[in-house]
Amino acid sequence: MHVDRDTLATALYVKIDDELKASPQYARYRPVVGLAPQITDAELITLAVLQVLLGYPNEARWVRHARAHLRHLFPFMPKQPGYNKRLRALTSQITRLIRVLTLDTDLWQHPVRIADSTPVECGRSRETVKRSQLAGWAGYGYCASHSRRFWGLRLHLITTVHGLPVAFTLATPKTDEREMLLDLFDLDQQGLLTHPDGLLLIVDKGYRDAATEAHLNARDVTVIRPAYKGEAPRPGRPLLRALRQSIESVNQTFKSQLDLERHGGRTITGVTARVLQRVLTLTATIWHNWHTGQPVLRSLVAYDH
């Protein structure tokens, strides 16, 4: 089946609109008296996904581009301040929609999960660090994969082998990765981190810890990780070799194609909204590729122009 940007936008808008209408308790409060918005929440969220796919991290440039080229999909286009304000107010709806799209595939039923974290840089200069509203949440950290230090946050991510996000959170870089991993499992309410036959969790050496492994084993989760130096070979080595680069590939998709580190957020709400915007974009792309029978589920090529 042929797919392109417009087919994704149409399918996604219909899905979001149906979900918001079916679950009015998750809709944003609007006063009975007053002007009705000229662009719906479903349209705005779809527009936000297209912004990421087309590579416009700057919202002012994006609104100008959308006004010139996307009128056939969005007859009314808000100005940049209104677009920014509406998008930041929709973080809870976006979080829910990520779950809805994930559950609308059968990919989450696969028994293998992959966990890792990646930096979300929020500033480079000393003056930015001193004046940023993110101080106290963002902090200094080290990325071993790229041998660099950064100031910002970490996106902790658990995906399927297909790259579909099933659990994620943002935290200060000082927080232990193992602690965040356990928190993600404890906060799972949709059963996305369980499997009737037991779950296989692939992690790198940063998650090696006897207490963490014992806690996960009690939840019927088998941890597949690199062995310590001198440790006897662990079961699952062929699976580890085959899939340990998958999460790095997902992280690279976030950074190179979805501009994760060019998010432009300057406040806690702003950074949260922009990171969620990118997680939703990846989820929506995989969701649409799965429903249309595409051979590569994480491919964005058909939608980035």
Side-chain angles (χ1 to χ4, degrees), residues 95 98-99 102-103 105-120 141-147 153-255 260 275 279 282-283 286 290 297-298:
T95 302
I98 292 170
R99 299 283 187 268
T102 298
L103 292 169
T105 72
D106 64 4
L107 302 177
W108 64 275
Q109 299 176 19
H110 194 279
V112 178
R113 298 287 183 270
I114 307 174
D116 200 3
S117 68
T118 190
V120 180
Y142 179 74
C143 178
S145 299
H146 299 91
S147 302
L153 304 163
R154 273 193 174 275
L155 174 62
H156 298 265
L157 191 66
I158 301 178
T159 74
T160 68
V161 294
H162 321 86
L164 182 68
V166 294
F168 52 89
T169 189
L170 280 170
T172 175
K174 301 298 184 183
T175 306
D176 194 297
E177 290 181 312
R178 294 163 294 189
E179 180 183 335
M180 298 309 303
L181 178 66
L182 296 181
D183 285 347
L184 288 175
F185 272 87
D186 290 340
L187 293 173
D188 177 40
Q189 296 180 347
Q190 284 84 19
L192 296 175
L193 296 177
T194 61
H195 192 272
D197 301 321
L199 200 68
L200 299 178
L201 179 66
I202 300 176
V203 297
D204 63 16
K205 60 184 180 181
Y207 293 90
R208 293 185 300 197
D209 177 69
T212 300
E213 195 164 343
H215 183 89
L216 292 172
N217 289 342
R219 301 179 63 107
D220 203 16
V221 178
T222 301
V223 179
I224 300 177
R225 59 165 176 81
Y228 287 106
K229 186 176 182 180
E231 185 181 8
R234 291 174 54 86
R237 284 192 300 168
L239 188 62
L240 179 64
R241 290 171 181 170
L243 296 178
R244 69 181 302 176
Q245 291 302 317
S246 295
I247 189 65
E248 292 295 338
S249 179
V250 174
N251 290 338
Q252 187 60 26
T253 298
F254 272 117
K255 291 178 181 294
L260 178 64
V275 172
V279 176
L282 181 60
T283 305
I286 295 175
W290 181 81
L297 293 178
R298 197 157 38 88

On a heavy-atom basis, which atom in [X] and which in [Y] lie closest, and how many Å separate them?
{"X": "L282", "Y": "P165", "result": "CD2-CG, 4.1 Å"}
{"X": "L170", "Y": "V120", "result": "CD2-CG2, 4.0 Å"}
{"X": "T175", "Y": "A171", "result": "OG1-CB, 4.2 Å"}
{"X": "N217", "Y": "T222", "result": "OD1-CA, 4.1 Å"}
{"X": "L193", "Y": "D188", "result": "N-OD2, 3.0 Å"}
{"X": "H110", "Y": "L199", "result": "O-CD1, 4.4 Å"}

**Check against side chain to side chain contact (heavy atoms under 4.5 Å, CB included), Y207 and L201** = CA-CA 11 Å; Y207 293 90; L201 179 66; over 6 Å; no

**Message:** Going by side-chain contact (heavy atoms from CB on, under 4.5 Å), I158 matches just one of L192, L181, D116. Which one?
**Reply:**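 Output: one option passes, namely L181.
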
**Message:** To the closest 0.5 Å, what do you measure between CG (L164) and OG1 (T159)?
**Reply:** 8.0 Å

**Asked** Rounded to the nearest 0.5 Å, how far apart are CD of E248 and CD1 of I114?
**Response**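 Reported value, rounded in 0.5 Å steps: 10.5 Å.
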
**Prompt:** Which residues satisfy the side chain to side chain donor-acceptor pair (under 3.5 Å) test with R154, sequence neighbours excluded?
**Reply:**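 For R154, the residues satisfying side chain to side chain donor-acceptor pair (under 3.5 Å) (neighbours in sequence not counted) are S117.
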
**Request:** Verify side-chain hydrogen bond (donor to acceptor under 3.5 Å, both in side chains) between R298 and S249, making sure each step is shown before the conclusion.
**Result:** CA-CA 10 Å; R298 197 157 38 88; S249 179; 3.0 Å; yes

**Request:** Please list all pairs passing the salt bridge (Lys or Arg N to Asp or Glu O under 4.0 Å) test where one or both residues lie in residues 203-215, with sequence neighbours left out.
**Result:**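 Those involving residues 203-215 are R178-D209, E213-R225, E213-R234.
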
**side chain to side chain contact (heavy atoms under 4.5 Å, CB included) assessment of L155 paired with T169** = CA-CA 6 Å; L155 174 62; T169 189; over 6 Å; no

